[in-house]
Every structure is written in structure tokens, then in C-alpha cells.
Amino acid sequence: MDIDILFRIAGIGILISVLCIVLTQAKKQEQAEMLTLAGVIIVLIIVVQLMNQLFTVVRTVFSF
């Protein structure tokens with residue numbers, strides 16, 4: 001597993017959390033919640049792509 005992927009996910013999490021704090025302090029709670037949801041969706045897309053790569057590798061290893 002490449003360490004770059006972990007740094008990318010951690011970076012997205014840190015960026016989203018800082019932006020949510022800023023939006024919450026600016027009394028824009030709804031936008032902060034939507035930003036959090038968007039961040040979760042982005043990370044889920046990355047994880048689904050990684051799972052697809054894993055299943056492809058497993059399929060090629062066990063194909064006869």
C-alpha cells in the first residue's frame with residue numbers, strides 16, 4: 001500500500017476540519033455540514049477505487 005494515499009486522505013480530513021471550524025465560527029453551520037458531507041463522499045470515492053484495485057489483483061492472482 002502506498003503511503004501517498006494515506007497522506008492524501010489525512011490531508012483532506014485536516015483541510016475539511018479547518019474549513020468547517022471557519023464556517024462554524026462565521027455562523028454558517030449549514031455550509032459546514034455540507035462541506036463535511038462532501039469530504040466524506042470524496043474519501044469514500046478514494047476508498048472504493050482502492051477496493052476495486054484490490055479485488056482486481058485478487059481476481060488476477062486466483063484466476064486459472
Side-chain angles (χ1 to χ4, degrees):
M1 186 164 138
D2 195 17
I3 194 85
D4 181 49
I5 297 168
L6 292 176
F7 285 139
R8 185 181 307 157
I9 291 173
I12 291 171
I14 292 170
L15 181 66
I16 294 296
S17 65
V18 168
L19 290 175
C20 283
I21 291 171
V22 169
L23 285 172
T24 303
Q25 293 294 325
K27 306 282 192 233
K28 300 193 181 283
Q29 187 65 30
E30 292 178 4
Q31 285 85 2
E33 291 175 4
M34 293 302 287
L35 182 65
T36 303
L37 183 62
V40 168
I41 290 172
I42 290 170
V43 170
L44 281 177
I45 289 171
I46 293 171
V47 169
V48 166
Q49 290 174 349
L50 289 173
M51 289 178 62
N52 185 23
Q53 290 176 358
L54 172 69
F55 289 142
T56 303
V57 169
V58 169
R59 189 178 306 132
T60 57
V61 166
F62 289 112
S63 68
F64 297 112

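This chain uses plain numbering: 1 for the first residue, then up along the sequence. Note that this is a predicted model, so its numbers are computed, not measured.
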Colleague: Which residues, ordered by chain and number, are linked to Val40 in its hydrophobic cluster, where ILVMFWY side chains connect at heavy-atom gaps below 4.5 Å, directly or through other members?
Modeller: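 Leu44, all in the cluster of Val40.
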Colleague: Quick test of your reading: applying salt bridge (charged side-chain N to carboxylate O under 4.0 Å, His left out), list the pairs with at least one residue in residues 18-32, sequence neighbours left out, ordered by first then second residue.
Modeller: none
Colleague: Output the distance between atom CD1 (Ile41) and atom OG1 (Thr36), rounded to the nearest 0.5 Å.
Modeller: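 The distance works out to 11.0 Å.
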Colleague: Would you say Leu37 and Ile42 are hydrophobically clustered, going by side-chain heavy atoms of ILVMFWY under 4.5 Å?
Modeller: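 Different hydrophobic clusters.
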Colleague: Of all residues at least two apart in sequence or in a different chain, which pass the side chain to side chain contact (heavy atoms under 4.5 Å, CB included) check with Gln29?
Modeller: Thr24, Glu33
Colleague: Which donor-acceptor pairs under 3.5 Å do the side chains of residues 6-22 make with protein atoms, sequence neighbours left out?
Modeller:
residue: Arg8; atom: NH2; partner: Asp4; partner atom: OD2; Å: 3.2
residue: Ser17; atom: OG; partner: Gly13; partner atom: O; Å: 3.2
residue: Ser17; atom: OG; partner: Ile14; partner atom: O; Å: 2.8

Colleague: Which heavy-atom pair separates Val57 from Thr60 by the least distance, and what is that distance?
Modeller: O-OG1, 2.8 Å
Colleague: Are the side chains of Gln53 and Leu50 in contact, using a 4.5 Å heavy-atom criterion?
Modeller: yes
Colleague: With ILVMFWY side chains joined below 4.5 Å, transitively, what does Met34's cluster contain besides itself?
Modeller: none
Colleague: In chain order, what residues pass the side chain to side chain contact (heavy atoms under 4.5 Å, CB included) check against Val58, with sequence neighbours excluded?
Modeller: Leu54, Phe62
Colleague: According to a hydrophobic-cluster definition based on side-chain heavy atoms being under 4.5 Å apart (Ile, Leu, Val, Met, Phe, Trp, Tyr only), do Ile46 and Phe55 belong together?
Modeller: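 Same hydrophobic cluster.
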